[in-house]
Amino acid sequence: MVTSADVMARWTEIQNDDERILFVVGGPGSGKSRIIRELSDNDGWKYIEAKELIDEALIEIRPEDRPQQASDCIYKCLKACQSQVVLIDSIDVLFAPILNIDPIALLRDLSKKYPIVVGWRGRFDGTHLHLEHNNNPEYFTFEVNNKNHVIVID
């Protein structure tokens with residue numbers, strides 16, 4: 001069973017990479033959110049729900065302008081956190097088609113400035129992360145560049 005100590009150990013391994021992002025992956029009820037919340041007990045680590053990163057005003061912006069506005073909005077939110085590591089849970093909200101953003105590119109870009117740990121509802125097959133959303137286990141899939149940036153909750 002994976003613990004918050006295991007996640008911390010993996011974080012220590014990757015924290016100096018160009019992309020400072022760690023995906024904590026598991027299915028519904030696997031304990032990934034619990035572990036991420038436990039990590040917020042570390043000094044300088046802050047837990048937030050992904051929906052807190054999105055300003056409702058984005059919906060009123062023209063769809064073609066949303067990617068840049070969403071990126072700016074999320075950067076401002078992370079800056080306001082003033083934390084060493086941001087723990088982001090319930091990430092599926094960033095995949096809402098209405099936002100018109102590429103969440104993975106955004107997360108990778110964000111991780112270069114703000115180290116992040118992401119709770120990822122789904123599975124990892126060794127090369128690809130699969131996001132589960134609305135009972136669709138393959139809602140979104142992307143190839144992982146470095147498998148050390150993924151830790152799977154049993």
Side-chain angles (χ1 to χ4, degrees), residues 1-11 14 19-41 45-78 81 83 85-112 114-154:
M1 180 173 195
V2 175
T3 66
S4 57
D6 297 323
V7 175
M8 284 294 297
R10 180 66 62 85
W11 179 255
I14 68 157
E19 290 178 1
R20 297 173 297 161
I21 185 170
L22 177 62
F23 294 95
V24 179
V25 180
S30 62
K32 65 191 168 302
S33 293
R34 177 188 50 77
I35 287 174
I36 291 173
R37 281 189 209 101
E38 287 174 4
L39 291 169
S40 69
D41 291 338
W45 290 50
K46 179 166 171 87
Y47 173 91
I48 59 175
E49 295 275 338
K51 65 184 175 190
E52 295 174 47
L53 299 173
I54 302 298
D55 187 332
E56 290 180 20
L58 283 174
I59 305 309
E60 297 175 10
I61 295 171
R62 295 181 333 187
E64 59 271 16
D65 294 334
R66 286 185 193 146
Q68 184 58 48
Q69 295 295 323
S71 179
D72 293 346
C73 180
I74 292 170
Y75 269 109
K76 287 177 189 174
C77 184
L78 293 180
C81 285
S83 63
V85 178
V86 180
L87 306 157
I88 305 174
D89 203 6
S90 303
I91 200 74
D92 53 312
V93 72
L94 297 180
F95 290 83
I98 196 167
L99 292 176
N100 195 31
I101 63 174
D102 179 347
I104 299 305
L106 179 60
L107 289 170
R108 285 178 166 158
D109 188 48
L110 288 169
S111 76
K112 292 175 183 175
Y114 301 100
I116 55 179
V117 175
V118 175
W120 186 273
R121 181 180 180 161
R123 65 184 179 84
F124 180 57
D125 66 15
T127 58
H128 291 84
L129 267 175
H130 304 273
L131 181 70
E132 179 181 331
H133 183 63
N134 290 336
N135 295 320
N136 180 353
E138 305 282 325
Y139 180 80
F140 182 84
T141 299
F142 80 97
E143 187 171 3
V144 174
N145 296 335
N146 182 340
K147 67 181 182 177
N148 287 332
H149 287 255
V150 176
I151 188 163
V152 178
I153 306 297
D154 300 320

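Residue numbers start at 1 and run along the sequence shown. These numbers come from a predicted model, not from an experiment.
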Heavy atoms from other residues, nucleotides or ligands near CG of Asp41 exceed 12 (cutoff 6.0 Å): yes

Distance-only side-chain donor-acceptor flag, Ser111 / Glu19, under 3.5 Å: no

Show me the side-chain donor-acceptor pairs of residues 93-101 shorter than 3.5 Å, one per line, residues at least two apart or across chains.
unit_1 : atom_1 : unit_2 : atom_2 : d
Asn100 : ND2    : Pro63  : O      : 2.7

Would you please name every residue forming a side chain to side chain donor-acceptor pair (under 3.5 Å) with Asn145, sequence neighbours left out? none

Mind checking what makes salt bridge (Lys or Arg N to Asp or Glu O under 4.0 Å) contact with Arg20, not counting sequence neighbours? none

Hits for side chain to side chain donor-acceptor pair (under 3.5 Å) against Glu52, two or more places apart or cross-chain, chain-then-number order -> none

When you look at Thr127 and Val144, which way does the side chain to side chain contact (heavy atoms under 4.5 Å, CB included) test go after all the steps? CA-CA 6 Å; Thr127 58; Val144 174; over 6 Å; no

Residues which pass ring-ring contact (aromatic ring centres under 6.0 Å, His included) with Phe142, listed by chain and number, not counting sequence neighbours: Phe23, Trp120

Can you list the steps and then say if Ile151 with Val25 is a side chain to side chain contact (heavy atoms under 4.5 Å, CB included)? CA-CA 6 Å; Ile151 188 163; Val25 180; over 6 Å; no

On a heavy-atom basis, the closest approach of Ile14 and Ile21 is CD1-O, 3.3 Å

Under the salt bridge (Lys or Arg N to Asp or Glu O under 4.0 Å) rule, collect the residues that match up with Asp65, sequence neighbours excluded. Arg62

Criterion side chain to side chain contact (heavy atoms under 4.5 Å, CB included) on Val85 and Ile116, from CA distance to verdict: CA-CA 5 Å; Val85 178; Ile116 55 179; 5.9 Å; no

Checking Arg123 now: which residues fulfil side-chain contact (heavy atoms from CB on, under 4.5 Å) with it, not counting sequence neighbours? Asp125, His130, Glu138

Test side chain to side chain donor-acceptor pair (under 3.5 Å) applied to Ser33 - qualifying residues, sequence neighbours left out: Asp89

Tell me, please, which residues at least two apart from Asp109 pass side chain to side chain donor-acceptor pair (under 3.5 Å). Tyr75

Verdict with reasoning, Asp92 to Arg121, per side chain to side chain contact (heavy atoms under 4.5 Å, CB included): CA-CA 8 Å; Asp92 53 312; Arg121 181 180 180 161; 5.9 Å; no

Under the rule for ring-ring contact (aromatic ring centres under 6.0 Å, His included), what residues qualify as partners of His133, not counting sequence neighbours? Tyr139

By salt bridge (Lys or Arg N to Asp or Glu O under 4.0 Å), Arg34 pairs with (sequence neighbours left out) Glu38

